Amino acid sequence: MTAAAPEHERAIEDSTYVVELDGITKRFPGVVANKDIGFAVRRGTVHAIVGENGAGKSTLMKILYGVQRPDEGTIKVGGTVVDLHSPSDAIGYGIGMVFQHFMLADNLTVLENVVLGAEDLHGIGGTARDRILEISRDYSLDVDPDVLVADLGVGARQRVEILKVLYRGAKIIILDEPTAVLVPQEVDELFDNLRELKSEGLTVLFISHKLDEVLRVADAITVIRRGTTVDTVSPQGITARQLAELMVGSELPTPQTEESTVTDQVILRVEDLVLKGPSRNVLDGVSFAIHAGEVLGIAGVEGNGQAELVEVIMGMRDQDTGQIFVDDTEVSKWHTRQIREAGIGYIPEDRHRHGLLLEAPLWENRILGHQTQEPNVKGGLINAKAARQDTERIVEEYDVRTPGIDVTAGSLSGGNQQKLIVGREMSHHPRVLVAAHPTRGVDVGAQAGIWDLMRAARREGMGVLLISADLEELIGLSDTIRVILRGRLSEAFDPDTVTAEDLGAAMTGADSSVTHPPAGPPHTPESPEGSAT
Amino acid sequence: MSRLEPRKILLPLVAPVVAVIVAFIVTSLVLLAVGDPVLEVWQVIFQPPLPRQTVNIINAATVFYLSAVAVAIGFKMNLFNIGVDGQYRVASFAAAVFAGQAWLPGVLNILVAILVAMVFGGLWAGIAGWLKVKRGVSEVISTIMLNAIATAVVAWLLSKARDPASEGTNVVRTRELPESSRLEGLAIVPGATNTVYTLIFLAALVGVTYWFVLNKTRFGFDLRATGKSETAAVASGVDVKKMTLTAMILSGAAAGLVGMPLLFGQDFSYGTTFQAGLGFAGIAIALLGRNHPVGIAFAALLWAFLDGQSNALQIQANVSKELVFIIQGVILFAVVIAYELVRRAEARMEQNRVARQLEERHAATAEQGVSA
């Protein structure tokens, strides 16, 4: 099957195409624009849009959902050219979107969330409830209208989002990176739901950069690279590797650790950290040690204490009990600045909130986090000249694409912002690097570069605490992997033998190694009692 | 790429100029609506000031400048110090009482009294800073309440510290400064019988210090970083609580200087007639001057000019001098909106420019690749 984009003009009358895009161009400052995008989607199929982070997938979907308007090009829905000014226009044409970040109110029930903003469809009472149950049954979504959203897991929330869109009458559903927040088992369930939708004649546009998943679920795959469509292919007769090469346009980097460089010298040691939360402990007795030359990877579903662990180590938050040592010096009570001066580099999870001053020029951002260190300061004074020179060097060495060092950090694309941060942290030769999602939102080339840097630094004896949602990255880079679930660390997994499925099981607690003592599936790691000491 | 692009210098000027123009248009409309003579009003306001008035304008601007810098220190860290009024009241009173004792000779008396003023201003503002850091009280609320408290406390203490020589008169004031601690002023405006405050140098010194500390020191970097993004500042190792308290105290210390030109150059004592309300003008001027030491200077001059020229309105145009408050109010309103618009426009333009330049460079390297 070739859902041939060039031919779709002639297919206007062919009602099998529900959505046709032609020549879509969007100039969008700072990030990759859409250039002359064209493809057609058949009714009753799952059509995947793949491309690396920053290739322009999300922009394209926003255009299709009426959030943004294209500068050029046409969109046809059911053979008619449409002009989408707003999401409500899109819904009017039967296009609904499920965003990567759910838009649900925790303190409302499923019913209330679904009817919110759509009260005039079926009211807010019995009729609405009946309709929700009907949709839930028809598409096997298994949604109970009367539970609080706060009590639902991630997978269930996603089904509520899908139901919300169906409730509003969508026939074409856009899912933006739907599997990013799911563990492997939940992904399977989602795919079952998608097949159900498809069999009922609905069309699903599935955006992803995870190729295995795409190959499993899609009927047609459109590949986007640098903002333009490369090809539309059928999943039959193409491998993930070929797809990836279409996607990146070059040979594919893989995170591969070389021979172990782990030494017996402990440089960061954390003992029995406890951070109390409102209902349960956010960190519940976390202990680990990182040796010089070791990468310790922490896997886990977001919100299980990773962010808090990083903040406690960086001194941005005080633990309730427990100790942290750098070498043999206790730093538990140290302030962030002292900790950074002691040689702990930090690549924050949210670079806009924690890593950069968006309105300040690049060279001032180079100073940030190292305000007391060479070459940024001389005594109590900022050494602007040296800082600027060093920024030039970072821009050069770390391939930060910018016209100069006086532009604001906010005007760079995400990947270049990240390269600046990585360059800045590495320039101070940290003893330990705390890296939270270091390659998130970074293009493939930069990703490979960042991996190389971490490997090189590891060889020279740097320790890394790597927190990532990308299991391949974790498996490829780490010397040891541990899973965090509800604030507790699992036993160590060996990245050479562990599979993504094993980690997925530990991440959901399906594997009993973390929470429930014995009686687990056969592959339960030795110690039933979570964290080591 | 040079740092001195004309774009970077001109763009910041757009907002205040537009704001001032808008203010004149709105004021004209107000005048038209109530049937006042529009042209005459503008003629009166824009007539060249007499030498004596020029001196008054410079002196008023000096005091405004100090007040605005005090406010700007807070603004740079996203702290809204509305309490400059109370801070300089407390500080001026303390300095006047101290200097009135004449424990120290001449100039030394002045210098130490200025330090006393800074300490008291800083302490008074420090209360608000401490409350914010320890109890999470918004500095907007606490400083405005401290203003009321300052008025009452100073009035009460003034009755205790009243100069015995003023007993039995209507004048309630502290003991007057010794002759040796009074500053004659500078006769720099030809034809004027009055003089410019000597402490205009103090204002200039404060402006230079403000610029230097903020832009050249590590402390200033931390302070600005906190103002731009508190979360990023925390992650970079800034102790935000300490920084909040310090910035508040510094703002108060600068506020303490506001009354000094008045005390040493004009009143020579603190009394019931000591000028009030300068702290609020400071907020407006800091906003208009965009917290920039030079911008504030121009804004202070404009404010003082409007104030000074308003005196003739009643007599020459038969329009109430309060009209100037409308002008000032609209300027302030327009400038806040204009700055936000310009800020967004700048961010967008910069993004576009970066994208364009990168594209050009990309195209250039691609061509080289082809030709090679």
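Being a predicted model, the structure only gives us computed values, none of them experimental. Proteins get letters first, then strands, A, B, ... in listed order; numbering begins at 1 in each.
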Residue pair A/Thr336 / B/Val234: nearest heavy atoms and the distance that separates them: CG2-O, 3.6 Å

- prompt: When you look at CZ of B/Phe333, are more than 12 heavy atoms from neighbouring residues, nucleotides or ligands closer to it than 6.0 Å?
  reply: no

query: What distance separates A/Thr372 OG1 from B/Arg218 CZ, expressed to the nearest 0.5 Å?
result: 5.5 Å

- prompt: More than 12 foreign heavy atoms under 6.0 Å from CD of A/Gln338: is that the case here?
  reply: yes

query: Does the distance from a Lys or Arg side-chain N to an Asp or Glu carboxylate O, for B/Lys228 and A/Glu364, drop under 4.0 Å?
result: yes

field: Test log, rule side chain to side chain contact (heavy atoms under 4.5 Å, CB included), inputs A/Gln371 and B/Asp222
entry: CA-CA 8 Å; A/Gln371 288 102 311; B/Asp222 284 354; 2.9 Å; yes

- request: Pick one of side chain, backbone, both or neither for A/Thr402, based on which atoms fall under 4.5 Å of a heavy atom in chain B.
  value: backbone

- prompt: Do A/Arg337 and B/Asp239 have side chains that get closer than 4.5 Å, going by heavy atoms?
  reply: no

message: Is there a side-chain contact between B/Arg353 and A/Val407 in this structure, where contact means two heavy atoms from C-beta onward sitting under 4.5 Å apart?
response: yes

Any donor-acceptor pair under 3.5 Å from A/Arg340 side chain to B/Ala235 backbone: yes

- line: Whatever's closer than 4.5 Å to a heavy atom in chain A on B/Val238 counts as both

- prompt: Is there a side-chain contact between B/Phe219 and A/Ile382, using heavy atoms and a 4.5 Å cut-off?
  reply: no

message: If I measure from the heavy atoms of chain B, does A/His354 come under 4.5 Å with its side chain, its backbone, both, or neither?
response: both

query: Taking all non-hydrogen atoms of both residues, which atom of A/His335 and which atom of B/Gly237 are closest, and how far apart?
result: CE1-O, 3.2 Å

- prompt: Considering only heavy atoms, which portion of A/Leu356 lies under 4.5 Å from any heavy atom of chain B: side chain, backbone, both, or neither?
  reply: backbone

task: Side-chain contact test, heavy atoms from C-beta onward, threshold under 4.5 Å: evaluate it for A/Val377 versus B/Phe221 and give yes or no.
output: no

message: Any side-chain to backbone donor/acceptor pair from B/Thr231 onto A/Arg353? Under 3.5 Å, distance only.
response: yes

- prompt: Non-hydrogen atoms of chain A under 4.5 Å away: do they reach the side chain of B/Ala225, the backbone, both or neither?
  reply: both

query: Which atoms form the tightest heavy-atom contact between B/Ser236 and A/Gly369, and what is the distance?
result: CB-N, 3.2 Å

- prompt: What heavy-atom pair brings A/Leu357 and B/Ala232 nearest, and what distance separates the two atoms?
  reply: CD2-CB, 4.1 Å

